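Structure first, commentary second.
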Amino acid sequence: MEYNPKEIESKWQKKWDELKCFQAKDNLSLPKYYALVEFPYPSGEGLHVGHPRPYTALDIVSRKRRLQGYNVLFPMGWDAFGLPTENYAMKNKMHPAEVTKRNIARFKSQLKSIGYSFDWDREVNTTDPKYYRWTQWIFLQLFKHGLAYKKNMSINYCTSCKVGLANEEVVDGRCERCGAEVVKKMKNQWMLKITEYADKLIDGLSDVDYLESIKAQQINWIGKSTGAEVDFSLTGTDEPLTVYTTRPDTLYGVTYMVISPEHPYIDKYKSLIMNLEQIREYQLESSKKSDFERAEIAKEKTGVEIKGIKAINPVNDKQIPIWVSDYVLMSYGTGAIMAVPGHDQRDYEFAKKFNLPIVEVVAGGDLSKEAFTDIETGIMVNSGIIDGMEVKDAKIKITEYIESKKIGKAKDNYKLRDWVFSRQRYWGEPIPLIYCETCGWVPLNESELPLLLPDLKTYEPAEDGESPLSKMTDWVNTTCPKCHKPAKRETDTMPNWAGSSWYFLRYIDPNNDEAFASKDKIAYWMPVDWYNGGMEHVTLHLLYSRFWHKFLYDIGYVNTPEPYSKRTAHGMILGENNEKMSKSRGNVVNPDKVIDNYGADTLRMYEMFIGDFEKSAPWSESGVKGCRRFLDRAFKMMDFMTEEDYYSKDMETLMHRTIKKVTNDFETLKFNTAIAQLMAFTNAVYQKGSITRKEMRDFLILLNPVSPHVTEEMWTLCGFDGYLHSYKWPEYDETKTIEDEVEIVIQVNGKIKTKIMISSDMSKEDMEALVYKDEAILKAIEGKQPKKVIAVPKRLINIVI
RNA sequence: GCGGAUGUGGCGAAAUUGGCAGACGCGUUGGUCUUAGGAGCCAAUACGCAAGUGUGCAGGUUCAAGUCCUGUCAUCCGCACCA
């Protein structure tokens, strides 16, 4: 009989659908397992060969868990709002909903053809009003708890997409999606106060099992720093200039101040500024620069001194100049710094360029060459009350001092910024708020959710960069829910990070109309036991979804402070030429083709066999062939299966070892070595020329999570009980994984001289005794007297002479 | 600059607690079957004719190092004037 994947695969996919065997049961008494993969953005391109890698990995885990008796939730859905769909719809004069529907249908049929054990009855779609009703609902809770606010701020604006971008969407000064230049634009934007959760987001990481590199990236992104805010009084005004510093200990070394070009004091105190013209010119210059230019190109410091106002150093009452420079960012700290050129490299460069004084307050460096920034070894000098102290003690003392004098306070700061939540686009969730002249921003009544996206003729953003919805006056004009006077709807929509911030909760109870999910079911299914996704999502999506979940926890809607107990990441699949797969490079491999030529079981196996799961790996057509060859060989083993329903004596150890290795490797993302073990087993069967029924049965179960169709088929052909998918995972006996006889190595001075067979339970002492008896060993030491003999049971004897 | 990771055959890669480096697969070579073989099966395959040498490089610890320690180089990813 020939192995014919086409026939087998469609047959079993149909069968599984009919039997609904992968349906997660809402039987809350069974042991549960929630496996989650990132739901895809259904692009017009369809799947490429990178998508199935994480899906197959957790499909393997899910299938194995079911065989081990768990009630498994392994769902799939669509993160379908977003720009590419909208852009495509505009270009082709289609409705984005139509485009989305078509793309989803394509993705779904592709995923189905790979034979995943998703529970398709729980499919979610972020663009479905029944879904985004709850995205809007969560937003309203954030609003009601003061975590959403509108702010007129300088934002990143993509000149091509005509849309505001979050900092995170700007890569190297360019739009993450289209690559066009990003400029600054003032815009009134909805913001989410993720910064209020910064500490919780850091602290929560100690309770979860995430890859170390993921934790590190999150901590890095949040960027917590500890320091102090200090007030410097200004000449000619009663209001102080507040700065943030992580080095309050260097307060005596401050020789000038710098404020950001966007600092409000420039306008506020313009009457005091004698060279306002010059300052205005500098402001204009830096406003033209993108963030990228400010950071990357302008290595050379620039700036202008403010004439007419001086600052006073609160610890020594010295008058010092104030400069404006764009190396100080308005978006971090207070937008103003105290400059300590002796102990900060940037201040040092600036001081050198503009001939400002440099004072040493921490001894240990050479200030004629560079700033001395070491905080471990330095001793304070020229520093009044903290003279002679070590840096870390000086920090504490001076902070206490400024707090007691009421000129400052200890303060933590974060690199993490609040989340810009507005998009001036059509294809997103409408923000369910209404602006009333009398009442201000008023939330829509929750009973009126979902606030549907109205139909539009065109989706072009307005020329001023406003949302296309702003042109829909019928929709925009409404009445205030509070005072019933005429009012206007918010026309911005949500970013596509919104729907993905809570989708794992909707899978739990996807059809619930009373709540985003019932409390009972949440209590049963949460947290997600294992979440696998890309490394590219660990700062944005992962942080955003943890933030929303922590908020829902704080207001009592979910039962766990963290959504995911374990998070792993997969490596990318590269093209055959070792480059990132992309249309423009022409190296994209389409999974449909692979399935057509070799079958889904081969595709799945190769995706897992390709290499270390966490690393990127280049695609190889001949590697695919190798996996198909293995399945052919496995299929043919049926030709020499015998009737014995037990492990044959000579295969027993290998059988137990194989069960052990596959069982463990599937848990630790080492799918490649698990498959290698199954290949080695098959090679042994071919060597022997026969396989017993029991050996075959357990082999099929072990291979089933990787290649489910062919194993189900063989199961049936062999006449085993029922269906493979409802059977149980085999157990191994540790004592039977050890051979009776092992080959050990004889080393002389660490060099291998010979090998002998010994009984595997031989003691260290007996092995040492062998040195004087075994002929091969005697020959190896050539009659010399051993100085020392090291025997390691089951491994080696090393003789030192 | 900061943070994280990775360097092993021609290629993708394996290697409990330090204990036979290169499992498994690809590729290559040879054999076999065949009208044929880009199918199957069998065998060989780190390098070197050999003694021997080999896990980016240089040291160190150890009876023994891919694995531990010190230094160094290279590549990749993330962040980056964050005070």
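Treat the numbers as computed from the prediction; the structure is a model and nothing was measured. Each chain gets a letter, A, B and so on, in the order the sequences are listed, and its residues count up from 1.
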Side chain of [X] only, please: which of [options] is the nearest?
{"X": "A:Val800", "options": "B:rA13, B:rC63, B:rC81", "answer": "B:rC63"}
{"X": "A:Asn220", "options": "B:rC79, B:rA43, B:rG12", "answer": "B:rC79"}
{"X": "A:Val792", "options": "B:rC24, B:rG19, B:rC41", "answer": "B:rG19"}
{"X": "A:Asp326", "options": "B:rC81, B:rU16, B:rG40", "answer": "B:rC81"}
{"X": "A:Lys788", "options": "B:rC79, B:rA13, B:rC63", "answer": "B:rC63"}
{"X": "A:Thr246", "options": "B:rA64, B:rU6, B:rA83", "answer": "B:rA83"}
{"X": "A:Thr673", "options": "B:rA23, B:rC24, B:rA83", "answer": "B:rA23"}

In whole angstrom, give the distance that lies between atom [atom1] of [X] and atom [atom2] of [N].
{"X": "A:Glu536", "N": "B:rC76", "atom1": "CD", "atom2": "C1'", "value": "15 Å"}
{"X": "A:Ile337", "N": "B:rC81", "atom1": "CD1", "atom2": "P", "value": "14 Å"}
{"X": "A:Arg657", "N": "B:rA23", "atom1": "CZ", "atom2": "P", "value": "16 Å"}
{"X": "A:Arg247", "N": "B:rA83", "atom1": "CZ", "atom2": "C1'", "value": "11 Å"}
{"X": "A:Ile790", "N": "B:rG18", "atom1": "CD1", "atom2": "C1'", "value": "13 Å"}
{"X": "A:Lys794", "N": "B:rG19", "atom1": "NZ", "atom2": "P", "value": "15 Å"}
{"X": "A:Tyr3", "N": "B:rG40", "atom1": "OH", "atom2": "C1'", "value": "17 Å"}
{"X": "A:Lys751", "N": "B:rA51", "atom1": "NZ", "atom2": "P", "value": "13 Å"}

Would you mind classifying the nucleic acid contact of [X] as base, sugar-phosphate or nothing, using non-hydrogen atoms under 4.0 angstrom?
{"X": "A:Asp612", "value": "sugar-phosphate"}
{"X": "A:Gly333", "value": "nothing"}
{"X": "A:Glu576", "value": "nothing"}
{"X": "A:Ser331", "value": "nothing"}
{"X": "A:Lys787", "value": "nothing"}
{"X": "A:Ile752", "value": "sugar-phosphate"}
{"X": "A:Gln345", "value": "nothing"}

Does a side-chain N or O from [X] land closer than 4.0 Å to OP1 or OP2 of [N], or not?
{"X": "A:Gln218", "N": "B:rC79", "value": "no"}
{"X": "A:Asn683", "N": "B:rG25", "value": "yes"}
{"X": "A:Asn672", "N": "B:rA14", "value": "yes"}
{"X": "A:Arg629", "N": "B:rG27", "value": "yes"}
{"X": "A:Tyr332", "N": "B:rA83", "value": "yes"}
{"X": "A:Arg633", "N": "B:rC41", "value": "yes"}
{"X": "A:Ser225", "N": "B:rA83", "value": "yes"}
{"X": "A:Lys670", "N": "B:rA15", "value": "yes"}

Go through the steps to decide whether A:Ile790 and A:Ile797 satisfy the test side chain to side chain contact (heavy atoms under 4.5 Å, CB included), and finish with yes or no. CA-CA 6 Å; A:Ile790 295 114; A:Ile797 302 173; over 6 Å; no
What integer number of Å spans the [atom1] atoms of [N] and [M]?
{"N": "B:rG66", "M": "B:rG18", "atom1": "C1'", "value": "10 Å"}
{"N": "B:rA74", "M": "B:rU55", "atom1": "C1'", "value": "16 Å"}
{"N": "B:rG10", "M": "B:rU17", "atom1": "C1'", "value": "34 Å"}
{"N": "B:rC81", "M": "B:rU75", "atom1": "P", "value": "23 Å"}
{"N": "B:rU32", "M": "B:rG37", "atom1": "P", "value": "12 Å"}
{"N": "B:rA58", "M": "B:rA44", "atom1": "C1'", "value": "37 Å"}

Both A:Asn413 and A:Arg795 contact RNA chain B. Which one's nearest nucleotide lies toward the 5' end? A:Arg795
Can you work out whether A:Thr245 or A:Phe613 has the more 5'-proximal nearest nucleotide on RNA chain B? A:Phe613
Tell me whether A:Arg633 forms a cation-pi arrangement with A:Tyr686, defined as NZ or CZ under 6.0 Å from the six-membered ring centre and within 45 degrees of its axis. yes
Pair A:Tyr256, A:Phe354 - check ring-ring contact (aromatic ring centres under 6.0 Å, His included), show working. CA-CA 11 Å; A:Tyr256 62 100; A:Phe354 294 104; 8.9 Å; no
Are A:Tyr414 and A:Tyr332 close enough that their ring centres sit under 6.0 Å apart? no
A:Phe609 and A:Phe671 aromatic centres sub-6.0 Å: no
Tell me the partner of [N], counting only Watson-Crick (N1-N3 plus N6-O4 or O6-N4) or G-U wobble (N1-O2 and O6-N3) with both under 3.5 Å; none if nothing fits.
{"N": "B:rU67", "result": "none"}
{"N": "B:rG78", "result": "B:rC2"}
{"N": "B:rG25", "result": "B:rC11"}
{"N": "B:rG30", "result": "B:rC42"}
{"N": "B:rA36", "result": "none"}

Taking O4'-C1'-N9-C4 for purines and O4'-C1'-N1-C2 for pyrimidines, is B:rG56 syn (within 90° of 0) or anti? anti
Are any side-chain N or O atoms of A:Asn313 and backbone N or O atoms of A:Thr255, one a donor and one an acceptor, separated by less than 3.5 Å? no
Taking everything shown except A:Lys688 itself, do over 12 heavy atoms lie less than 6.0 Å from its NZ? yes
Does A:Lys415 make a side-chain donor-acceptor contact with the base of B:rC79, cut-off 3.5 Å? no
Apply side chain to side chain contact (heavy atoms under 4.5 Å, CB included) to A:Ser260 and A:Tyr327, showing your working. CA-CA 7 Å; A:Ser260 158; A:Tyr327 84 91; over 6 Å; no
Specify whether A:His343 and A:Phe372 have parallel, tilted or perpendicular ring planes, treating 30° as the upper limit for parallel and 60° as the lower limit for perpendicular. perpendicular
